[in-house]
Amino acid sequence: MATNRPEYRDPKTPRAVKVYTIAQESRYVLFENVPALGLVDNLLAQCQTHGQVEHHWPLDTHASSDEFRDVILVVFHSAVAARKAKRAMDDRPFFANLLRVSYAPEYETVDDARNKLFGSAWRPKKNRLPQRRSLGPQLTQQEAKKRRTRI
């Protein structure tokens with residue numbers, strides 16, 4: 001937390017800023033603290049409001065999974081949908097429990113990671129070069145040739 005912030009800039013509730021890199025974000029999202037009452041369909045219905053869900057499965061061997069709480073891994077169709085779902089559902093009540101939502105890049109395949117890092121969103125776009133600006137009156141070819149020879 002910032003300790004040198006002016007008082008008028010201090011929020012009423014302290015917040016920590018978390019920055020994610022492209023390697024840390026993922027289509028794979030981990031939902032912890034889901035009540036073990038067979039509520040996976042309800043969770044998926046809420047996830048569908050943020051984007052298309054490709055797969056999901058419970059993680060019974062996860063450290064925070066016990067007889068009262070489930071951990072569900074959800075794979076979204078796109079990282080944008082996963083980002084929306086994480087932002088909207090993290091620390092929100094879900095059947096009397098606060099959901100803990102986090103990215104799970106450790107479950108990605110090599111192809112998923114490759115597509116994420118070198119996907120079409122990161123390729124340079126054609127015809128995206130900035131237009132040349134005119135810096136004054138155009139020089140004739142002879143004037144330009146004279147300037148080049150002087151340099």
Side-chain angles (χ1 to χ4, degrees), residues 1-139 144:
M1 301 301 293
T3 57
N4 58 353
R5 184 176 292 165
E7 193 160 327
Y8 71 92
R9 299 281 295 182
D10 266 343
K12 290 183 178 24
T13 57
R15 291 189 177 105
V17 176
K18 177 75 173 163
V19 177
Y20 291 100
T21 64
I22 187 82
Q24 292 168 327
E25 275 191 338
S26 178
R27 298 181 318 130
Y28 291 72
V29 178
L30 202 62
F31 289 90
E32 298 178 71
N33 210 16
V34 177
L37 300 172
L39 300 171
V40 176
D41 293 333
N42 295 3
L43 179 70
L44 291 177
Q46 283 191 10
C47 290
Q48 289 283 353
T49 62
H50 304 291
Q52 182 181 353
V53 174
E54 288 185 358
H55 306 292
H56 72 281
W57 54 88
L59 299 177
D60 296 332
T61 59
H62 194 270
S64 63
S65 179
D66 58 18
E67 61 182 302
F68 303 110
R69 294 174 295 169
D70 287 337
V71 177
I72 309 296
L73 181 68
V74 176
V75 182
F76 285 91
H77 180 69
S78 67
V80 174
R83 190 178 310 128
K84 284 182 186 177
K86 182 183 181 325
R87 186 177 300 144
M89 297 176 72
D90 195 18
D91 288 332
R92 296 284 198 266
F94 182 74
F95 287 91
N97 285 0
L98 289 178
L99 284 178
R100 287 189 310 227
V101 184
S102 60
Y103 295 116
E106 61 270 14
Y107 292 101
E108 289 180 341
T109 63
V110 174
D111 289 336
D112 285 333
R114 184 176 295 121
N115 289 338
K116 177 174 68 173
L117 294 174
F118 302 111
S120 63
W122 296 102
R123 288 189 197 133
K125 307 259 191 262
K126 292 182 180 180
N127 300 328
R128 300 284 274 171
L129 296 175
Q131 297 294 324
R132 289 183 139 185
R133 292 190 211 174
S134 174
L135 300 176
Q138 296 293 326
L139 298 176

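FYI, side chains are in, hydrogens and waters are out, and symmetry mates aren't considered; it's all heavy atoms of this structure.
Annotation for Leu98 and Pro93: closest pair CD2-N, 3.7 Å, computed over non-hydrogen atoms. Here the closest non-hydrogen pair linking Val101 and Asp90 is N-OD1, 3.1 Å. Considering every non-hydrogen atom in both Tyr28 and Tyr107, the closest pair reads CE2-O, 3.7 Å. Arg114 and Asp111 get closest at one heavy-atom pair: NH1-OD1, 3.1 Å. Contact detail for Ala88 and His50: the closest heavy-atom pair is CB-CE1, 3.3 Å. Residues Gly51 and Ala81 approach most closely at CA-CB, 3.7 Å, considering heavy atoms.
A heavy-atom distance below 4.5 Å is not found between the side chains of Asp70 and Pro58. Taking the side chain as every heavy atom from C-beta outward, Leu30 and His62 approach each other to under 4.5 Å. Side-chain contact between Leu99 and Val34: present, with at least one pair of heavy atoms (C-beta onward) separated by less than 4.5 Å.
A distance of 4.5 Å separates CZ of Phe95 from CG of Asn42, quoted to the nearest 0.5 Å. Here the CG atom belonging to Leu43 is positioned 10.5 Å from the CD atom belonging to Gln48, to the nearest 0.5 angstrom. The structure places CZ of Phe31 at 4.5 Å from CE of Met89, a figure rounded to the nearest 0.5 Å. Here CG of Leu39 is found 5.0 Å from CZ of Phe94. Values are rounded to the nearest 0.5 Å. The structure places CG of Asn33 at 11.5 Å from CD1 of Ile72, a figure rounded to the nearest 0.5 Å.
Pairs of residues two or more places apart, or lying in two chains, that qualify as salt bridge (Lys or Arg N to Asp or Glu O under 4.0 Å) and include a residue from residues 45-62 are Arg27-Glu54. Among pairs with a residue in residues 29-40, those fulfilling salt bridge (Lys or Arg N to Asp or Glu O under 4.0 Å) read Glu32-Arg100, at least two apart in sequence or across chains.
Remark: Arg92 engages no residue in a salt bridge (Lys or Arg N to Asp or Glu O under 4.0 Å) (not counting sequence neighbours).
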Inset, instruction - Give the intermediate values and the outcome of side-chain contact (heavy atoms from CB on, under 4.5 Å) for residues Val53 and Phe76. - result: CA-CA 4 Å; Val53 174; Phe76 285 91; 3.9 Å; yes

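Checking each of Lys86, Glu106, Glu108 against Ser26 for a side chain to side chain donor-acceptor pair (under 3.5 Å) leaves exactly one that passes, namely Glu108.
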